[in-house]
Amino acid sequence: METSLIATPWWGTFPYRENESRSFAIGPLRFMIRRQTREWLIFRDTFEAAAEEKIAARHITGPGAEHLELAVALADRPVVSRPVVPLAIHPGQEVTVYVSSPVWVMIGVGDPPRPLQEIPTQNLSDTWFGPSTMEGQLCYASTTSCRVRLSELPPRPHRVITPILVRNEAETPLLLDRIKLPVPLLSIYARADASLWTQSVVMTRNREENIAALKIADGPPAELGDTHHLGGPREKMASRTLIDQLGALFGAPDNTRM
């Protein structure tokens, strides 16, 4: 498996002197953090320490908090990804698609770190995913190229990659025009090249046409080689396999028609 190098990891622990400011750039996210006496200031969309109007948050922590920790977290809701061009999966076929989603930056201070707040690296709009306004779930909306060749993935330090194996065991084509990725159920891993990954996910459309199964792998994809575990899932899943209506994973049932 080959991917392009991203850079040195942006996450980690940073020693801070009093009145010191540091700027960070993670994909489209720009922010600055300043340590003052008993207080930490977080500035958004700026690298300028004098931009007081850009202060997004103030945190009173008391003395002794001399270290800043930036950690990686996945989104706190499922992410509904729409391929730029829908993908038709014909009966009896399967394909692995690589879907990426933005990560969150978890900010903590002290040793051990005490959490201050989380910041998404990319602002996502809300979307309702379900067969009706009464049945479904509030999710984030995103777009994806739904690439089937890993070599085509661009290096993006603010996004995490999930390999999704989609199987169509039904007798009619499956039009893949949106996928609900259960991001809060996934763990996050980093490769030596600083690319971010989750476990593989298998989504199967069963022979019953409108029934689908979702299975989450136990660990990172084996083909990644050595990885470092950065964090577990936000939510626990009772079983590694979930059986649900087709619309709960791929959208409304009429999305299966071509």
Side-chain angles (χ1 to χ4, degrees), residues 1-14 24-29 68-81 94-108 112-113 115 118-122 124 139-140 142 144-166 179-204 214-242 249:
M1 178 178 287
E2 296 181 358
T3 56
S4 300
L5 293 178
I6 292 179
T8 302
W10 53 261
W11 56 90
T13 302
F14 306 88
F24 301 89
I26 307 169
L29 175 65
L68 170 77
E69 181 187 68
L70 299 184
V72 189
L74 297 177
D76 55 359
R77 298 183 207 156
V79 176
V80 177
S81 294
E94 64 180 41
V95 64
T96 297
V97 295
Y98 297 93
V99 176
S100 68
S101 56
V103 298
W104 267 231
V105 181
M106 299 181 66
I107 302 173
E118 300 181 14
I119 303 176
T121 56
Q122 183 176 339
L124 299 177
C139 303
Y140 292 114
S142 180
T144 179
S145 297
C146 221
R147 302 177 193 271
V148 298
R149 287 178 291 276
L150 189 58
S151 60
E152 296 178 352
L153 283 173
R156 291 181 289 188
H158 68 293
R159 297 182 74 94
V160 59
I161 302 168
T162 301
I164 305 175
L165 175 61
V166 182
I179 305 174
K180 186 181 80 171
L181 187 61
V183 174
L185 300 177
L186 302 178
S187 298
I188 191 164
Y189 303 86
R191 294 184 72 191
D193 63 2
S195 59
L196 298 171
W197 294 78
T198 72
Q199 307 103 304
S200 297
V201 174
V202 179
M203 294 182 175
T204 304
L214 178 145
K215 184 175 182 179
I216 298 174
D218 290 332
E223 62 267 30
L224 291 182
D226 293 335
T227 59
H228 179 62
H229 181 250
L230 295 182
R234 289 181 183 265
E235 301 174 8
K236 296 297 183 181
M237 189 173 175
S239 171
R240 283 291 177 184
T241 302
L242 173 68
L249 300 181

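Note: hydrogens, waters and symmetry copies are ignored here, and every other heavy atom, side chains too, is used.
Scanning all heavy atoms of the two residues, the minimum distance from A217 to Q199 falls at O-CG, 3.5 Å. Taking every heavy atom of both residues into account, A75 and P184 meet most closely at O-CG, 3.8 Å. Across all their heavy atoms, I26 and P157 have their closest contact at CG2-O, 4.4 Å. Of all heavy-atom pairs spanning S81 and S100, the tightest one is OG-O, 4.5 Å.
Going from atom OG1 of T204 over to atom CG of L165 covers 7.0 Å, rounded to the nearest 0.5 Å. The distance from atom OG of S200 to atom NZ of K215, rounded to the nearest 0.5 Å, is 11.5 Å. Rounding to the nearest 0.5 Å places CD1 of I179 at 11.0 Å from CG of L214. The structure places CZ of R147 at 9.5 Å from CZ of R149, a figure rounded to the nearest 0.5 Å. In this structure, L181 CG and I164 CD1 are separated by 5.0 Å, a value rounded to the nearest 0.5 Å. Distance check, rounded to the nearest 0.5 Å: CE of M203 to CD1 of I216 gives 8.5 Å.
Under a 3.5 Å cut-off, the side chain of W197 and the backbone N or O of I188 do not form any donor-acceptor pair. Looking only at distances, no side-chain donor or acceptor of R191 sits under 3.5 Å from a matching main-chain atom of D226. Judged by distance alone, the side chain of Q122 and the main-chain N or O of P28 form no donor-acceptor pair under 3.5 Å. The main-chain N or O of V103 is found under 3.5 Å from a side-chain atom of T121 such that the two form a donor-acceptor pair. Formation of a donor-acceptor pair under 3.5 Å by the R234 side chain with backbone atoms of L74 is found in this model.
Side chains of L230 and W11 form a contact here, defined as non-hydrogen atoms less than 4.5 Å apart. Side-chain contact between V80 and S142 is absent, with no heavy-atom pair separated by less than 4.5 Å. When side chains are defined from C-beta on, L68 counts as touching F24, because their heavy atoms get closer than 4.5 Å. Residues E235 and P233 have side chains not in contact (no heavy-atom distance under 4.5 Å, counting atoms from C-beta outward).
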Show your reasoning for whether side-chain contact (heavy atoms from CB on, under 4.5 Å) applies to V72 and V105. CA-CA 5 Å; V72 189; V105 181; over 6 Å; no
Output, in order, the C-alpha distance, side-chain angles, deciding distance and verdict of side-chain contact (heavy atoms from CB on, under 4.5 Å) for V201 and L186. CA-CA 9 Å; V201 174; L186 302 178; 4.0 Å; yes
Check the pair I161 / V99 against side-chain contact (heavy atoms from CB on, under 4.5 Å), numbers first and verdict last. CA-CA 6 Å; I161 302 168; V99 176; over 6 Å; no
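Side-chain atoms of R159 and S101 form no donor-acceptor pair, as typed in the model, at a separation below 3.5 Å.
In terms of the ring-ring contact (aromatic ring centres under 6.0 Å, His included) criterion, residue partners of W104 (sequence neighbours excluded) are, by chain and number, Y140. Every residue meeting the side-chain hydrogen bond (donor to acceptor under 3.5 Å, both in side chains) condition with E94, not counting sequence neighbours, appears here in chain and number order: R167. Residues passing the ring-ring contact (aromatic ring centres under 6.0 Å, His included) test with H229 are Y189, sequence neighbours excluded.
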